[in-house]
Structures are given as structure tokens and as C-alpha cells.
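Below you'll find the structure, written out as C-alpha cells, and then a few comments.
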Amino acid sequence: MTHPIIADLQSRYTAKRYDAEKRISQADLDVIYQAIRLSASSINSQPWKFIVIESDAAKQRFHDTFANKHQFNQPHAKEASHVILFAYNPNYTKDNYKKVVDAEVTSGHLPADMYNNMLDGAYTFAEANTDENGFNGNWTRAQTYLALGNTLHVLARLGIDSTTMEGVDPELIGELFKEELDGYVCEVALAMGYHKDGEDYNHGKPKARLAMEEILQVL
């Protein structure tokens, strides 16, 4: 099949080694950030926070979060052009959702007279995923993966390499980025940049996917 979307996805792969001398342009970063902001989420909840690791000081802090485990990902902390921490709100409340509904009215997306219906009606879905202690992190964490998937495709379209890292230490990230996270939790990060020629063993290899008939049924 020949299609730009398929070409994007065929070219996308998980980079294993980055060229620390190559940086993502500000113009491309602006596109990435806007794309993340425009990501979909259940009931448009947007229960997330994205922390960009850009400066040398921030890279050192992120590097330090690998002190106890997942050291195989540690080089990306300094070699990748940028890293984004994808964080979720583990206790998403109706007050949090109220900010979203406010934005929907302000933007013109939602008629003002529908405000209470949206606030009370849609939030019941969040309530259905909230336990007696107010924890709904399993639900909000899932929303961050919608943003992650969106970002991966955008990076492929821009010709920027990436590495999804679930191999991070949420506890140390929580400690060393406590102020920035402000109660949010980061369990996955995304390294972005440009692979190092001759040293990224995963670059240029063919895709290995299950056959279409094994995964797709048309009824």
C-alpha cells in the first residue's frame, strides 16, 4: 500500500542510540507541543501534564532517576534532543473537569446553556472509574497513552526518531521532579531526536507485525 500515513508508520521505529549533537528545531517542537495539546481523551478530560526535558540541568536530573533501575534507557536522558515526561492525575476530580467544561464554553464548542448537563452528565464516566478513595489513575493513565500514540505519529511525520520508555522509575521521577509534577504521576517518558548513524542497531530494520488476518475482523 502506498499512502503517506502508511509511509509514516513504516518509517517509525524505536531508536536505540541518539546523536547528542543533533537537536530538534524550535519550529518542529512547536508543532509537537501543539499536537500533544490537541490529543484526544475520554470526555475531553485532559487529565495530564507534559514536562519537557530540554536543558542540560534537566537532563542531568532525569539521568539521575535511573540510579536504581532501567539503566538501559539512561543514555537517552542526555543523548536525545528532548525527553517528554507523560504524567497523569491519579485523583481527577469534578473541579478538574470543570476547567475543561469552562474551556468548552469559552471556545464556543459548547453552548452555555448546556454547561451543567455536560459537567454533571459526562463526569459520571469519570466517577465510574473512581474508587472510594478518589483514585482513578488507571483511567487517567490510559488517557496519556492516547496522547503518546498521537505524538509518535507526529514525530514520524516530521522525520524525528523516538523511544517510548516505560522503563523509568516513577518513584525517583516523583522525587526529583516533585515540584513540576505537583501530585501527577509519570510512568512513561518519550525520548526524541535523531539516531546515531552506525550505532543504532534498530534503525532500518523491516517491520515485524502479525498478519492482518490474525488481528482484524470485518463483520
Side-chain angles (χ1 to χ4, degrees), residues 1-16 18 23-54 58 62 73 76-77 80-90 92 96-97 99-101 103-104 107-110 122 125-126 129 136-168 170 173 177 180-181 184-195 202-203 207-210 212 215-216:
M1 175 184 291
T2 301
H3 190 284
I5 292 175
I6 301 304
D8 290 344
L9 298 177
Q10 287 284 6
S11 67
R12 194 214 66 78
Y13 77 106
T14 299
K16 299 299 184 181
Y18 287 90
R23 304 279 289 179
I24 300 172
S25 71
Q26 188 58 53
D28 281 348
L29 288 171
D30 290 342
V31 172
I32 294 165
Y33 299 157
Q34 285 294 341
I36 291 175
R37 177 175 174 266
L38 292 170
S39 295
S41 59
S42 177
I43 65 169
N44 195 26
S45 53
Q46 304 170 65
W48 46 43
K49 181 178 290 189
F50 308 102
I51 298 171
V52 180
I53 308 299
E54 180 178 69
F62 185 54
N73 275 328
H76 303 328
S81 174
H82 292 71
V83 173
I84 301 178
L85 306 183
F86 283 69
Y88 63 89
N89 183 347
Y92 189 80
N96 296 135
Y97 188 55
K99 294 179 181 179
V100 171
V101 182
E104 291 197 354
S107 70
H109 176 81
L110 180 73
F125 193 78
N129 288 279
N136 45 30
N138 293 329
W139 176 69
T140 55
R141 181 178 185 268
Q143 309 316 310
T144 66
Y145 278 82
L146 297 178
L148 177 60
N150 180 41
T151 307
L152 289 174
H153 191 178
V154 171
L155 292 172
R157 170 54 56 95
L158 294 172
I160 297 170
D161 298 318
S162 62
T163 308
T164 298
M165 297 183 289
E166 286 188 312
V168 294
I173 290 176
F177 291 90
E180 292 87 355
L181 288 168
Y184 283 57
V185 178
C186 172
E187 296 179 349
V188 63
L190 181 66
M192 311 182 300
Y194 302 94
H195 73 276
N202 210 30
H203 178 254
K207 288 292 184 189
R209 296 294 188 268
L210 296 174
M212 188 72 77
I215 64 166
L216 184 72

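In what follows, every heavy atom counts, from backbone to side chain, and hydrogens, waters and symmetry copies are set aside. The model shown is predicted, which means the values in this text are computed figures rather than measured ones. The chain is numbered in sequence order, starting from 1.
- For the pair F125 and S45, the minimum side-chain heavy-atom distance is 4.5 Å or more.
- Looking at I32 and L155, their side chains come closer than 4.5 Å, going by heavy atoms from C-beta outward.
- Annotation: side chain of M165 is in contact with side chain of V83 (closest heavy-atom distance under 4.5 Å).
- Looking at N150 and L38, their side chains never come closer than 4.5 Å, going by heavy atoms from C-beta outward.
- Here the straight-line distance linking atom CG of L190 with atom OG1 of T151 works out to 6.5 Å at 0.5 Å rounding.
- Using modelled atom types and a 3.5 Å distance limit, the side chains of Q26 and D30 yield a donor-acceptor pair.
- Looking at Q143, its side chain does come within 3.5 Å of a backbone N or O of S42 through a donor-acceptor pair.
- Side-chain atoms of N96 and Q46, non-hydrogen and from C-beta on, never get closer than 4.5 Å to each other.
- Looking at heavy atoms from C-beta onward, R12 lies out of side-chain contact with H153 at the 4.5 angstrom threshold.
- Within a 6.0 Å radius of NZ in K99, other residues, nucleotides and ligands contribute 12 heavy atoms or fewer.
- E54 meets the salt bridge (charged side-chain N to carboxylate O under 4.0 Å, His left out) test with no other residue; sequence neighbours excluded.
- Atoms OG and NZ, on S11 and K207 in that order, are 7.5 Å from each other to the nearest 0.5 Å.
- The CG atom of L210 sits 6.5 Å away from atom CD1 of I215, with the distance rounded to the nearest 0.5 Å.
- I84 pairs in a side-chain contact (heavy atoms from CB on, under 4.5 Å) with only one of the listed residues (V52, L148, I53), which is V52.
- Within the 4.5 Å cutoff, side-chain heavy atoms of S81 are placed close to those of R23.
- Rounding to the nearest 0.5 angstrom, the gap separating the CD atom in E104 from the NE2 atom in H109 is 4.5 Å.
- Without hydrogens or angle criteria, N202 side chain to T14 main chain gives a donor-acceptor distance under 3.5 Å.
- Heavy atoms only, all atoms of each residue included: A122 and Y97 are closest at CB-OH, 3.3 Å.
- Checking side-chain atoms of N73 against main-chain N and O of G167 turns up a donor-acceptor pair under 3.5 Å.
- Looking at heavy atoms from C-beta onward, L85 lies out of side-chain contact with V168 at the 4.5 angstrom threshold.
- Listed by first then second residue, pairs satisfying salt bridge (charged side-chain N to carboxylate O under 4.0 Å, His left out) with a partner in residues 136-156 read R141-E166, R141-E187, not counting sequence neighbours.
- In this structure, CG on N89 lies 11.5 Å from CG on L181, to the nearest 0.5 angstrom.
- In this structure, Y194 and G159 approach most closely via the heavy-atom pair CE2-O, 3.6 Å.
- D8 and A156 get closest at one heavy-atom pair: O-CB, 3.5 Å.
- Here the shortest heavy-atom pairing between A58 and F177 reads O-CZ, 4.0 Å.
- For the residue pair Y18 and G193, the shortest heavy atom distance occurs at CE2-N, 3.6 Å.
- Ring orientation note: the planes of Y92 and W139 are nearly perpendicular, at an angle over 60° on the 30°/60° scale.
- Between W48 atom CH2 and L146 atom CG the span is 6.5 Å, to the nearest 0.5 Å.
- Of the candidates T144, N136, T140, P47 forms a side-chain contact (heavy atoms from CB on, under 4.5 Å) with just one, namely T140.
- A15 and D161 make their closest contact through CB-CB, 4.1 Å (heavy atoms, listed as atom of the first residue, atom of the second, distance).
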